[in-house]
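Okay, structure first, notes after.
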Amino acid sequence: LHPAFAPGERARHLAEFDLILLPSLMAESFSMVLSEATAMGIPAVSSDLGAFVERIRHGIDGWRLDPADIKAWCHLLIQLSEPEGRALLG
């Protein structure tokens, strides 16, 4: 978590991200954060709910997980932090 970005600085900050996490517990109809990350080529790990299902192709441009499956989230994040897993981030 971080504070709001100053006007015009969002893209500069997002460019520093390797991955974005969207662990929503309720279905969302749209996600501005996902739109901004996708536009910059940042892969996402999201809940398998709502608009994320339509916008993230699991294993291709991100990953979708059951929001209640904490072990799956931990396993994937550990995998992505290892050298072999980092290659999956593009």
Side-chain angles (χ1 to χ4, degrees):
L1 300 174
H2 46 77
F5 300 124
E9 292 203 0
R10 183 173 298 146
R12 182 176 65 81
H13 288 289
L14 283 174
E16 297 173 3
F17 288 27
D18 294 319
L19 180 69
I20 192 157
L21 304 178
L22 302 162
S24 298
L25 297 176
M26 296 180 358
E28 297 184 31
S29 60
F30 184 79
S31 172
M32 182 60 75
V33 173
L34 179 59
S35 295
E36 292 170 340
T38 301
M40 297 195 65
I42 301 167
V45 177
S46 77
S47 298
D48 196 13
L49 300 170
F52 299 140
V53 174
E54 299 172 5
R55 298 180 58 200
I56 297 173
R57 296 171 295 170
H58 185 79
I60 298 172
D61 50 14
W63 297 267
R64 297 187 320 258
L65 302 170
D66 179 338
D69 191 346
I70 307 273
K71 286 184 181 181
W73 284 80
C74 291
H75 177 76
L76 179 60
L77 293 177
I78 290 168
Q79 178 185 3
L80 293 174
S81 71
E82 295 172 350
E84 301 83 23
R86 293 195 58 80
L88 298 172
L89 296 175

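These numbers were taken from a predicted model, which means no experiment stands behind them.
In this structure, Phe52 CZ and Leu22 CG are separated by 4.5 Å, a value rounded to the nearest 0.5 Å. One finds the CZ atom of Arg12 at 13.0 Å from the CZ atom of Arg10 (value rounded to the nearest 0.5 Å). Note that CD1 of Ile56 is 9.0 Å distant from OG of Ser47, once rounded to the nearest 0.5 Å.
Without hydrogens or angle criteria, Trp73 side chain to Asp66 main chain gives a donor-acceptor distance under 3.5 Å. Between the His58 side chain and the Arg64 main chain, a donor and an acceptor come within less than 3.5 Å of each other.
Under a hydrophobic-cluster definition in which Ile, Leu, Val, Met, Phe, Trp and Tyr are linked whenever side-chain heavy atoms come within less than 4.5 Å, directly or via other members, Val33 and Ile42 are assigned to the same cluster. Cluster annotation: Ile70 and Leu77 are assigned to distinct hydrophobic clusters (Ile/Leu/Val/Met/Phe/Trp/Tyr, side-chain heavy-atom contacts under 4.5 Å, transitive). There is no path of hydrophobic side-chain contacts, each under 4.5 Å, that joins Ile20 to Leu49. The cluster map of Ile, Leu, Val, Met, Phe, Trp and Tyr, joined by side-chain heavy atoms under 4.5 Å apart, puts Leu21 and Leu80 in the same cluster.
Residue-environment remark: NE2 (His75) stays at or below the threshold of 12 foreign heavy atoms within 6.0 Å.
The shortest side-chain heavy-atom distance between Pro23 and Pro67 does not fall under the 4.5 Å cut-off.
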Would Ile78 and Leu76 satisfy side chain to side chain contact (heavy atoms under 4.5 Å, CB included), going step by step from the backbone distance to the final call? CA-CA 5 Å; Ile78 290 168; Leu76 179 60; over 6 Å; no

Side chain to side chain contact (heavy atoms under 4.5 Å, CB included) evaluation trace for Met40 with Glu36: CA-CA 7 Å; Met40 297 195 65; Glu36 292 170 340; 6.0 Å; no

Using side chain to side chain contact (heavy atoms under 4.5 Å, CB included), reason through Trp63 and Asp48 one step at a time and then give a plain yes or no. CA-CA 9 Å; Trp63 297 267; Asp48 196 13; over 6 Å; no

Using the rule given for side chain to side chain donor-acceptor pair (under 3.5 Å), can you reason through Arg55 versus Ser31, listing the C-alpha separation, both sets of side-chain angles and the distance that settles it, and then say yes or no? CA-CA 10 Å; Arg55 298 180 58 200; Ser31 172; 5.3 Å; no

